[in-house]
S.K.: 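Below you'll find the structure I mean.
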Amino acid sequence: MWGSCRRSRQRIRGHWSRERRETAICSLALLFVCVLSACAFVLPAYLLLPLAGLNGLLVIHGLLRRGSILGVLKLGLVQLSITLSLYLILYGTAHLAQGAIVVARIILATIPGWWLCITIPPERIGEVLSAFLPTKWAFVVAASLSLLPYMADEIREIYHIQCLRGARITPRALRDPRNWAELVYCVLFPVLIQLLKLSRQMAIAAQSRHFGLNQRPTHWHSPRDNND
């Protein structure tokens, strides 16, 4: 009997120590991501290459965790085309390299956040943020991060459905600026409506669980933390 009680206490002690260790790792990851993203904007141009190498290691680790980098690559290509077009119109061909550096900084600032969403569960991020942010703000940030993969799938599904309906929003059709408004009406507006619907559903779910009534809320630790 005493032996079983001792083993139970040891299991509980090990469980809590593991949770503290995972929370500490999440805190360090958040700090690392913030510093790395800030460096993408404040470092001089000649230091961007070592920063790109460090971001490349994050990409490799994220891919090993079965993350998808296609969204970041598509965002970079769209941003590159828009930025270079504006630089070409405003400054001519002499400043295209500066426009490319601007886009590179944006991509380097985006990759650490992508890596964080792949490697750290959003509920763990919410627990860390609640230590120095109001609980409601920490919940909003964690919920937003948890919605990112789902919204990416929703955007992809809405885009394919609208293309099947004959909307002129294919990459070839979007070369014509006259079709950009159709992209807004057919994709961006439905995505915004879906996002508002999801936000309302999450708010109702949180309210039904009496979120915000307790001054010291507890944090649920997902079983997937132990499986990773």
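Atom set for the values below is all heavy atoms of this structure, side chains included, hydrogens, waters and symmetry mates excluded. Remember, predicted model here, so these are calculated numbers, not experimental data.
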S.K.: Taking the side chain as C-beta and beyond, is there a heavy-atom pair between E157 and I161 under 4.5 Å?
M.R.: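 Answer yes - side chains close enough.
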S.K.: Looking at residues at least two apart in the chain, or sitting in another chain, which of them share a ring pair (Phe, Tyr, Trp, His ring centres under 6.0 Å) with Y159?
M.R.: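 Per chain and number, Y159 pairs via ring pair (Phe, Tyr, Trp, His ring centres under 6.0 Å) with no residue.
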S.K.: Quick one: pull up CG in L108 and CD1 in I101 and give me the separation to the nearest 0.5 Å.
M.R.: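 With rounding to 0.5 Å, CG (L108) is 11.5 Å from CD1 (I101).
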S.K.: Can you tell me if N55 uses its side chain to pair, donor with acceptor, with the backbone of I111 under 3.5 Å?
M.R.: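 Not at all, since once roles are kept as given, no pair shorter than 3.5 Å links the two residues.
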S.K.: Does anything in residues 196-206 form a side-chain hydrogen bond (donor to acceptor under 3.5 Å, both in side chains)? List the pairs, not counting sequence neighbours.
M.R.: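 Passing the test, one end in residues 196-206: no pairs.
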S.K.: Kindly give the heavy-atom pair with the smallest separation between L58 and W114, and that separation in Å.
M.R.: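 Residues L58 and W114, closest heavy atoms: O-CZ3, 3.9 Å.
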S.K.: Can you list everything that forms a ring pair (Phe, Tyr, Trp, His ring centres under 6.0 Å) with Y185? Sequence neighbours excluded, please.
M.R.: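 Result, ring pair (Phe, Tyr, Trp, His ring centres under 6.0 Å) vs Y185: F189.
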S.K.: Roughly how far, to the nearest 0.5 Å, is CG of L70 from CG of L77?
M.R.: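 Between atom CG of L77 and atom CG of L70 there are 10.5 Å.
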S.K.: Under the side chain to side chain donor-acceptor pair (under 3.5 Å) rule, collect the residues that match up with T83, sequence neighbours excluded.
M.R.: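 Here the qualifying residues are Q79.
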S.K.: Please set out all donor-acceptor pairs under 3.5 angstrom arising from side-chain atoms of residues 28-51, sequence neighbours excluded.
M.R.:
from	atom 1	to	atom 2	distance (Å)
S37	OG	V33	O	3.0
S37	OG	A109	O	3.1

S.K.: Please give me the minimum heavy-atom distance between V187 and I158, naming the atom from each residue.
M.R.: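 Where V187 meets I158 most closely, the heavy atoms are CA-CG2, 4.2 Å.
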S.K.: Do you know which two heavy atoms are closest between P190 and C186, and how far apart they sit?
M.R.: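 Heavy-atom minimum between the residues: CG-O, 3.3 Å.
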S.K.: In Å and rounded to the nearest 0.5 Å, what is the CD1 to CG distance from I107 to L75?
M.R.: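 Going from the CD1 atom of I107 to the CG atom of L75 covers 7.5 Å.
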S.K.: Could you walk me through whether V128 and I120 pass the side chain to side chain contact (heavy atoms under 4.5 Å, CB included) test, one step at a time?
M.R.: CA-CA 11 Å; V128 174; I120 305 296; over 6 Å; no
S.K.: Who pairs with E182 by side chain to side chain donor-acceptor pair (under 3.5 Å), at least two apart in sequence or on another chain?
M.R.: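 Residues passing side chain to side chain donor-acceptor pair (under 3.5 Å) with E182: R168.
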S.K.: What is the distance from atom CG of L80 to atom CG of L73, rounded to the nearest 0.5 Å?
M.R.: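 Reported value, rounded in 0.5 Å steps: 12.0 Å.
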